Amino acid sequence: MGVQLVWLKRDLRIADHAPLAEAAAAGPCVVLYVYEPAMLTHPHHDAAHLRFVNQSLAELEERLAERGGVLTRRRGDLPGVFDELHAERPFDAVWSHEETGHAASFDRDKAVRRWCRSQGVAWHERRQTGVVRGLKNRDGWARQWQRFMNRPAVKPPEAITPVPGLRGCGELDAEALGLPATTMTEAAPGGESVAHDTLDSFLQHRGVNYRADMSSPVAGWDGCSRLSPYLAFGNVSIRQAYQATRRRVAELREAEKGGGDLDKRWFGSLKSYEARLRWHCHFTQKFDDEPAIESRNMNRAYDGLRGDTDDQPLGDLDPVKLDAWKHGQTGYPMVDACMRCLAATGWVNFRMRAMLASFTSYHLWQHWKAPADFLATRFLDYEPGIHFSQYQMQSGVTGINTVRIYSPIKQAKDQDPAGVFIRRWVPELAPLPDEHLAEPHRVPPLLQRSLGVVVGEHYPPPIVDHPTAYREAKEKTYRRKGQRRTREASQRVYAKHGSRKRGRTQRIATGRFSASD
């Protein structure tokens, strides 16, 4: 049997790993991870992503060794690394998972495919998520998703035959690779065992009030699954997460039949979580079907809305406003707390992410591309397929989703009424009474002085006036949304990307689709 090359990308686990299992059954294996300069220096990359990868690889290396396998790390661009390896130890096939990544990874994969063809090397790609490669339209997609999720997870190989004598570069950290240090000193650690511990603690304990907790940056810290980085880097597969959730629901149903003491909130919470797992693949499917979503409006009728042209694709970019937003200095405490939290931890809950995107798109009236690129570096769980589809949705340029302009003031009052989150991340505002934390600029000047929180001295004034920015953004957005050409373009977007969820009625003209559609 010939040598098999297992190419690890964002699938850093040993369980439910079809390429690894099939390659191990086919012959001796080179299990390879490549530190790719083109990916490591990509504008969406942060050294925290690399640290998470290295933590994941350290555990994976141990699990491979338990089965006789060896992890080989190399540094270089692809397919050049494959070319070097093939010269040292010719291999018959490359095995990997399909990946829905940014444009640079798409281009890399195209180059790998050309190389494989030129060398007569078979490339076997296997599905990892509910995304269907080469999908013609969304009709029947939900059924395909369900079938894939219901298939048994792939068992880890019992034994892996290594290929001796191959050199590797060992673990390379940010310093060794010449990358800027990360600010994420409080980010979650990587690894397959941590992923499963995180999933188990959510399903058994933390997730009981998920349906309510998910909206709050305070309650969501524990009440959300926190599984997203582990899904993004493949420490756990989405199928494993789905099947574990279904097992937990069955367990709860049995307990209910037995008359045990059961918190009924579990059923609604786990139903919502299952919907989020579908949602994950639904949005990634959009990106896989139309990779241009990374750089251009999904609905082209919105081109030019924020001053974007072919010569000026980022539109009327205001670097001063964006810099204030990036560093948590907008004068809106909830926005600033979220941006500072991301800088340290790489995570905030979904509602706060939506608010951040809304703020740049509506209050600051910036094209979505520049802030979306920046947040890719701030999200430890950065998933290109979800990231750009969602940012466009929150920016109101899809034509098939509800236009939501989040008020950062209302979000602070609703989601952090006691100021726990704001005081943690914007400590200069800690002395303010709870009722003033959402709008410190409205605190009477004498009270500001007495509390030692002077707006303009200790904390910036609002970067824009909320009522004015809200009104102007709403008028501009709805004026464009109501145009005939926009409605016609929205029909085309829906035909390509819209949900076919049973029982839903298409309401493009009024824009009444929600994020869960």
Side-chain angles (χ1 to χ4, degrees), residues 7-11 13 15-22 94-103 105-110 112-113 116 122-154 227-228 231-234 236-243 245-246 273-294 298-299 381-390 392-393 398 400-401 491-504 506 513 515-517:
W7 177 23
L8 300 174
K9 293 187 281 185
R10 292 191 297 141
D11 52 356
R13 63 181 182 276
D16 201 25
H17 199 300
L20 177 62
E22 293 183 51
V94 174
W95 299 81
S96 72
H97 276 116
E98 294 175 346
E99 179 182 9
T100 301
H102 49 56
S105 71
F106 275 116
D107 292 341
R108 182 267 322 272
D109 285 357
K110 291 175 184 175
V112 166
R113 189 165 298 284
C116 287
W123 184 9
H124 305 291
E125 289 187 284
R126 297 292 181 258
R127 285 177 66 183
Q128 175 170 220
T129 69
V131 171
V132 181
R133 184 63 51 85
L135 193 68
K136 300 301 181 184
N137 59 61
R138 293 302 289 266
D139 295 343
W141 178 84
R143 289 191 297 274
Q144 293 189 61
W145 184 91
Q146 192 65 60
R147 283 198 298 270
F148 182 76
M149 294 302 152
N150 288 342
R151 292 174 191 163
V154 179
L227 201 65
S228 53
L231 291 170
F233 288 95
V236 63
S237 73
I238 198 162
R239 177 163 58 191
Q240 288 175 299
Y242 173 78
Q243 293 183 359
T245 304
R246 295 307 306 159
Y273 186 63
E274 284 185 33
R276 287 287 167 142
L277 294 176
R278 291 185 180 88
W279 175 95
H280 175 287
C281 298
H282 168 71
F283 278 93
T284 308
Q285 183 71 57
K286 295 183 184 188
F287 193 70
D288 201 81
D289 291 343
E290 189 176 356
I293 288 172
E294 181 181 344
M298 187 183 299
N299 187 320
D381 55 12
Y382 167 55
E383 184 75 63
I386 297 174
H387 188 75
F388 293 102
S389 299
Q390 269 294 314
Q392 290 208 36
M393 190 180 89
T398 68
I400 63 172
N401 300 103
Q491 295 285 345
R492 293 191 292 271
V493 172
Y494 176 80
K496 186 174 184 67
H497 297 298
S499 170
R500 304 302 198 265
K501 202 168 185 178
R502 186 179 301 172
R504 294 296 178 92
Q506 185 178 352
F513 273 84
S516 61
D517 284 328

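Numbering of residues begins at 1 and proceeds along the displayed sequence. All values reported here derive from a predicted model rather than from experimental measurement.
- Between the side chains of D288 and T100, at least one donor N or O lies within less than 3.5 Å of an accepting N or O.
- We find the CG-CZ distance between N299 and R492 to be 8.0 Å, quoted to the nearest 0.5 Å.
- Considering only residues two or more places apart in sequence or on other chains, A142 meets the side-chain contact (heavy atoms from CB on, under 4.5 Å) condition with none of them.
- Of the charged side-chain nitrogens involved, at least one lies within less than 4.0 Å of a carboxylate oxygen, so that E99 and K9 count as a salt-bridged pair.
- With hydrogens and angles disregarded, no donor-acceptor distance shorter than 3.5 Å links the side chain of E294 to the backbone of P384.
- Relative orientation of the Y382 and H387 rings is perpendicular, given thresholds of 30° and 60° on the angle between their planes.
- In this structure, F283 and S389 approach most closely via the heavy-atom pair O-OG, 3.3 Å.
- Taken from CZ in R113 to NZ in K110, the straight-line distance is 11.0 Å, to the nearest 0.5 Å.
- No salt bridge links D289 with K496; every basic N to acidic carboxylate O contact stays at or beyond 4.0 Å.
- Taking the side chain as every heavy atom from C-beta outward, D109 and W123 approach each other to under 4.5 Å.
- Annotation: the span from L231 atom CG to Q240 atom CD amounts to 9.5 Å, rounded to 0.5 Å.
- Atom CD1 in I293 sits 12.5 Å away from atom CE in M393 (nearest 0.5 Å).
- For R126, the side-chain contact (heavy atoms from CB on, under 4.5 Å) partners are A18, P19, E22, W95, H97, H124, not counting sequence neighbours.
- Summarising the geometry of H497 relative to E290, their closest heavy-atom pair is NE2-OE1, 2.6 Å, with the distance given to 0.1 Å.
- Between the side chains of H17 and D11, at least one donor N or O lies within less than 3.5 Å of an accepting N or O.
- Between Y242 and W145, the ring center distance clears the sub-6.0 Å criterion.
- Considering every non-hydrogen atom in both G498 and I400, the closest pair reads CA-CD1, 4.3 Å.
- Annotation: the span from H102 atom NE2 to D107 atom CG amounts to 10.0 Å, rounded to 0.5 Å.
- Within the 3.5 Å criterion, the main-chain N or O of A232 finds a donor-acceptor partner in the side chain of R10.
- In terms of heavy atoms, H280 sits closest to I238 at ND1-CD1, 3.4 Å.
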For the pair Q390 and W279, evaluate side-chain contact (heavy atoms from CB on, under 4.5 Å) and give the outcome as yes or no after the intermediate values.
-> CA-CA 11 Å; Q390 269 294 314; W279 175 95; 3.3 Å; yes
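- Between R278 and M149, the closest side-chain pair of non-hydrogen atoms is not below 4.5 Å.
- Taking every heavy atom of both residues into account, W7 and V94 meet most closely at CB-CG1, 4.2 Å.
- Annotation: the span from R13 atom CZ to L20 atom CG amounts to 10.0 Å, rounded to 0.5 Å.
- Counting all heavy atoms, side chain and backbone alike, V132 lies closest to R127 at CG2-NH2, 4.0 Å.
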Let me see the working for C281 and W141 under side-chain contact (heavy atoms from CB on, under 4.5 Å), right down to the final yes or no.
-> CA-CA 10 Å; C281 298; W141 178 84; 3.8 Å; yes
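- For the residue pair Q285 / R138, no side-chain donor-acceptor distance below 3.5 Å is found, with atom types taken as modelled.
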Go through L227 and Y273 one step at a time and tell me if the side-chain contact (heavy atoms from CB on, under 4.5 Å) criterion holds.
-> CA-CA 11 Å; L227 201 65; Y273 186 63; 3.5 Å; yes
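- With contacts defined as side-chain heavy-atom distances shorter than 4.5 Å, the pair V154/R239 qualifies.
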